[in-house]
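If you scroll down you'll find the structure; I have some questions about it.
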Amino acid sequence: SFDFSYDSSDPESPSFASQEKIFKDLGCDVLKAAFDGFNACIFTYGQTGSGKSYTMMGNAVRNKGLIPRICEGLFSEISQRSKSDAVYLEIYNERVQDLLRKNTTPTDSGGLRVREHPRSGPYVQNLSRHLVHNYCQIERLILLGNVNRTTATTDVNDFSSRSHAIFTIRFTQVTLLPCETLSKIHLVDLAGSERADTTHTTGARLKEGANINKSLVALGCVISTLVLFQNIETTKKKKQMFIPYRDSVLTWLLKDSLGGNSKTTMIATVSPADVNYGETLSTLQYASRTRNIVNTPTVNEDSTVKTIRGLQAEVARLQRLLEEASSFLQNIAFQIMLSFYFCCRSPKGSCLAL
Ligand SMILES: Nc1ncnc2c1ncn2[C@@H]1O[C@H](COP(=O)(O)OP(=O)(O)OP(=O)(O)O)[C@@H](O)[C@H]1O
């Protein structure tokens, strides 16, 4: 089962799906979620060379992919009261690297450290964050990050991504005060699953391939456990279950997007070639399992803003009560005055009761 299915192998075919079509179907939902105050995520999964980077990034000039189009959409609708910042990282051989600032302080293992905040969740320490005001600024960041990203030539793909890349936009909106929402948009281009016998990799490429596969297995494991978790009915058993998010940096950073607070879309890319039958089947099985995950997206409001709004509602309620009480008192006063008037005007010894 699936929501959409696209064929982009032959531009002459009547069923050909352009980058614009993919954006209209999938990217617009991400924008809507962000403007409504939800977190959103799109990630691509598929074998090496099947078109993940093409779908996410595209050909920068002619055939823009989802990332530049989503950024364009965001800035075309953004208001004066919104602000955005972007981070761009890659996970290369299980190490996190900042794609927007090469000379970051690495840990002993050579990458940046991933930590977890009790409320806002996992984050990368010392990752450079860039305030962006318009599309040109964010486009520059995308291009810089793409230049820094680790790619290499394999037998299957001339520009094969050797790392998982996560481009994250934090989008804050201040609408009628007091209302502030923060949406995190994760746009993820995973490195492709690959078999050494088809890619003919050796040495460093082989090691990269092994690490790529390792984190994709960890992703698969998280997905399977989440599906099991959601099928369990008793809360006690649910509490005993452990979701192995921390088994890889990728799953740890995408914790919210997988079974958490996010509207997430998975794009499975497959090759039309029959030699790839096995990989295609495995990608579709992976996607089919992922579809069973139920996320719980909520609007991300600032807690102080929430408190202020609660207090404002309380003030409004008390004002209403005061108004009701004062009109009741006015009414009583009027009636007393009226009865006094009639008492004064009635014949001696009798009093008109109202
Ligand atoms: N729909 C498409 N139309 C035209 N060209 C495409 C399409 N999909 C992929 N390509 C081309 O195929 C090649 C491989 O695609 P891409 O690099 O996106 O694969 P990938 O899945 O990201 O691979 P890897 O996992 O190795 O990084 C690229 O040259 C890309 O431009």
- Message: So, taking the atom named NE2 in H130 and the one named CG in D85, what distance separates them when rounded to the nearest 0.5 Å?
- Response: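 That separation rounds to 9.5 Å.
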
- Apart from F328 itself, what residues make up its hydrophobic cluster when side-chain heavy atoms of I, L, V, M, F, W and Y under 4.5 Å apart count as a link, directly or indirectly?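 For the cluster that includes F328, the remaining residues are I332, I336.
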
- Say you draw a straight line from CZ of F171 to OG of S82; how long is it, rounded to the nearest 0.5 Å?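 Here the interatomic distance stands at 4.5 Å.
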
- Message: Please check this pair: side chain of K52 against backbone of G46, looking for a donor-acceptor N/O pair closer than 3.5 Å.
- Response: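 Side chain of K52 to backbone of G46: a pair is present.
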
- Task: Would you give the length of the straight line joining atom CG of N300 to atom OG of S120, rounded to the nearest 0.5 angstrom?
- Result: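 One gets 10.5 Å once the value is rounded to the nearest 0.5 Å.
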
- Backbone N/O of E139 and side chain of E72: donor-acceptor pair under 3.5 Å: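 Such a contact is absent between E72 side chain and E139 backbone.
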
- Query: Members other than L329 in its cluster, when Ile, Leu, Val, Met, Phe, Trp, Tyr link by side-chain heavy atoms under 4.5 Å?
  - Reply: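 Cluster partners of L329: none, it stands alone.
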
- Query: I42 and L99: same hydrophobic cluster, using ILVMFWY side-chain contacts below 4.5 Å?
  - Reply: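 Per the 4.5 Å side-chain linkage, I42 and L99 are co-clustered.
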
- Taking all non-hydrogen atoms of both residues into account, name the closest pair between S271 and N276 and its distance.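 It is OG-ND2, 2.7 Å.
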
- Do the side chain of Q19 and the main chain of N63 share a donor and acceptor less than 3.5 angstrom apart?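 Looks like yes, one N/O pair under 3.5 Å.
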
- Message: I'd like to check F43 versus L250 (side-chain heavy atoms, cut-off strictly below 4.5 Å). Are they in contact?
- Response: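 No, their side chains stay 4.5 Å or more apart.
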
- Task: Return the minimal non-hydrogen interatomic distance between V188 and C41, and the atom names on each side.
- Result: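 What the structure gives for the nearest pair is CG2-SG, 4.3 Å.
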
- Under a 4.5 Å side-chain heavy-atom rule over Ile, Leu, Val, Met, Phe, Trp and Tyr, are F75 and I185 clustered together?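 Linked, F75 and I185 end up in one cluster.
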
- Inter-residue atom distance T55.OG1 - I67.CD1, 0.5 Å rounding: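 One finds 10.5 Å between OG1 of T55 and CD1 of I67.
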
- Message: Any non-hydrogen side-chain atom of N146 less than 4.5 Å from a side-chain atom of F167?
- Response: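 Counting from C-beta outward, N146 and F167 never come under 4.5 Å.
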
- Query: If only atom types and distance count, is the side chain of Q230 paired as donor or acceptor with the main-chain N or O of V294 below 3.5 Å?
  - Reply: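 Such a contact is found between Q230 side chain and V294 backbone.
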
- Going hydrophobic residue to hydrophobic residue with side-chain gaps under 4.5 angstrom, can you get from I166 over to V114?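 I166 clusters together with V114.
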
- Under the side chain to side chain donor-acceptor pair (under 3.5 Å) rule, collect the residues that match up with T283, sequence neighbours excluded.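 With neighbours one apart ignored, the set is empty.
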
- Task: With rounding to the nearest 0.5 Å, note down the distance linking CZ in R246 to NZ in K255.
- Result: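 R246 CZ to K255 NZ: 7.0 Å, rounded to 0.5 Å.
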
- Message: Could you work out, with side chain to side chain donor-acceptor pair (under 3.5 Å) as the rule, every residue matching K184, not counting sequence neighbours?
- Response: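 Side chain to side chain donor-acceptor pair (under 3.5 Å) list for K184, sorted by chain: empty.
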
- Item | Backbone N/O of T298 and side chain of N261: donor-acceptor pair under 3.5 Å |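 Looks like yes, one N/O pair under 3.5 Å.
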
For residues 28-36, which side-chain donor-acceptor pairs fall under 3.5 Å, sequence neighbours excluded?
unit_1	atom_1	unit_2	atom_2	d
K32	NZ	D36	OD2	2.7

- Message: Listing request: all ring-ring contact (aromatic ring centres under 6.0 Å, His included) pairs with a residue in residues 263-291, at least two apart in sequence or in separate chains.
- Response: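 As it turns out, the ring-ring contact (aromatic ring centres under 6.0 Å, His included) pairs with a partner in residues 263-291, which skip direct neighbours, are Y45-Y286.
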
- Message: So Y88 and L144, do their side chains get closer than 4.5 Å, heavy atoms only?
- Response: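 Not touching, per the 4.5 Å side-chain cut-off.
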
- Item | S9 backbone acceptor or donor facing D7 side chain under 3.5 Å |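 Side chain of D7 to backbone of S9: a pair is present.
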
- Within the distance-only criterion (no hydrogens, no angle test), does the side chain of K83 pair as donor or acceptor with the backbone N or O of R170 below 3.5 angstrom?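 No, K83 side chain to R170 backbone: no donor-acceptor pair under 3.5 Å.
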
- Task: With the side chain counted from C-beta on, respond yes when F4 and I22 share a heavy-atom pair under 4.5 Å apart, and no when they do not.
- Result: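 Answer no - side chains too far apart.
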
- Query: Under a 4.5 Å cut-off applied to non-hydrogen side-chain atoms, are C136 and R140 in contact?
  - Reply: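 Contact flag for C136/R140 side chains = yes.
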
- Item | Atom of S8, atom of F16 and distance for their closest heavy-atom approach |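 Closest approach of S8 to F16: O-CE1, 3.5 Å.
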
- Are E324 and R320 ion-paired here, with the side-chain N under 4.0 Å from a carboxylate O?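 Looking at R320 together with E324, the answer is no, because their closest N to O distance does not fall below 4.0 Å.
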
- Any residue meeting side chain to side chain donor-acceptor pair (under 3.5 Å) with S163, in chain and number order, not counting sequence neighbours: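 Testing S163 for side chain to side chain donor-acceptor pair (under 3.5 Å), a comparison that skips the adjacent residues, returns E90, R149.
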
- Query: Restricting to pairs with a member in residues 217-263, which pass ring-ring contact (aromatic ring centres under 6.0 Å, His included), not counting sequence neighbours?
  - Reply: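 As it turns out, there is no ring-ring contact (aromatic ring centres under 6.0 Å, His included) pair with a partner in residues 217-263 once direct neighbours are skipped.
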
- Task: Say whether L100 and Y135 are linked into one hydrophobic cluster, either directly or through other cluster members, by side-chain heavy-atom distances under 4.5 angstrom.
- Result: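 As far as the 4.5 Å side-chain criterion goes, Y135 and L100 are connected within one cluster.
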
- Task: Would you name the heavy atoms of D189 and S53 that are closest together and state the gap between them?
- Result: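 For D189 versus S53, the nearest heavy atoms are OD2-OG, 2.8 Å.
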
- At their closest point, which heavy atom of S128 faces which heavy atom of V87, and how far apart are they?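 Shortest heavy-atom separation between S128 and V87 comes out as O-CG1, 3.3 Å.
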
- Check the pair T290, T264 against side chain to side chain contact (heavy atoms under 4.5 Å, CB included), reporting the backbone distance first and the verdict last. CA-CA 10 Å; T290 311; T264 301; over 6 Å; no

- Query: Under the 3.5 angstrom rule, does the side chain of N39 hit a backbone N or O of S262 as a donor-acceptor pair?
  - Reply: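 Answer holds: no.
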
- Query: Should I91 and L253 be marked as a side chain to side chain contact (heavy atoms under 4.5 Å, CB included) after you check the CA-CA gap, both sets of side-chain angles, and the distance that decides it?
  - Reply: CA-CA 10 Å; I91 304 166; L253 286 177; 4.3 Å; yes

- Task: Please report the closest heavy-atom contact between I169 and S84, naming both atoms and the distance.
- Result: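 Closest pair (atom of I169, atom of S84, distance): CG2-CB, 4.3 Å.
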
- Query: Got a sec, which hydrophobics cluster with F2, joining ILVMFWY side chains under 4.5 Å apart, including via others?
  - Reply: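 Reading the cluster by chain and number, F2 sits alone, since nothing else belongs.
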
- Contacts of type side chain to side chain donor-acceptor pair (under 3.5 Å), residue T44, not counting sequence neighbours: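 Expected list: none.
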
What pairs of donor and acceptor atoms, side-chain ones from residues 214-224 against any protein atom, are under 3.5 angstrom apart with sequence neighbours left out?
unit_1	atom_1	unit_2	atom_2	d
S215	OG	H164	NE2	2.7
S215	OG	N211	O	3.3
S215	OG	I212	O	3.1
S224	OG	G220	O	2.9
S224	OG	R289	NH1	2.6

- Item | Cluster link I267 to L284, ILVMFWY, side chain under 4.5 Å |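 Looking at the clustering, L284 is in a separate group from I267.
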
- Spacing of CG belonging to D256 relative to OG1 belonging to T296, to within rounding of 0.5 Å: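 One gets 8.5 Å once the value is rounded to the nearest 0.5 Å.
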
- Message: Is any side-chain heavy atom of D25 closer than 4.5 Å to one of D3?
- Response: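 No; the side chains remain at least 4.5 Å from each other.
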
- Trace of the side chain to side chain contact (heavy atoms under 4.5 Å, CB included) decision for M57 with I142: CA-CA 9 Å; M57 205 52 83; I142 294 171; 3.5 Å; yes

- Query: P244 versus T251: any side-chain heavy-atom pair under 4.5 Å?
  - Reply: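 The answer is no, as the side chains (C-beta and beyond) never meet within the 4.5 Å cut-off.
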
- Query: Under 4.5 Å between any side-chain heavy atoms of I293 and V227, yes or no?
  - Reply: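 Of all side-chain heavy-atom pairs linking V227 with I293, at least one is under 4.5 Å.
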
- Item | Any donor-acceptor N/O pair, N295 side chain to G259 backbone, under 3.5 Å |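 Judged by distance alone, yes, a pair lies under 3.5 Å.
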
- Can L187 and L66 be said to form a side chain to side chain contact (heavy atoms under 4.5 Å, CB included), step by step? CA-CA 8 Å; L187 302 168; L66 280 170; 5.9 Å; no

- Query: Partners of L318 by side-chain contact (heavy atoms from CB on, under 4.5 Å), sequence neighbours excluded?
  - Reply: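 L318: side-chain contact (heavy atoms from CB on, under 4.5 Å) contacts with E314, L321.
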
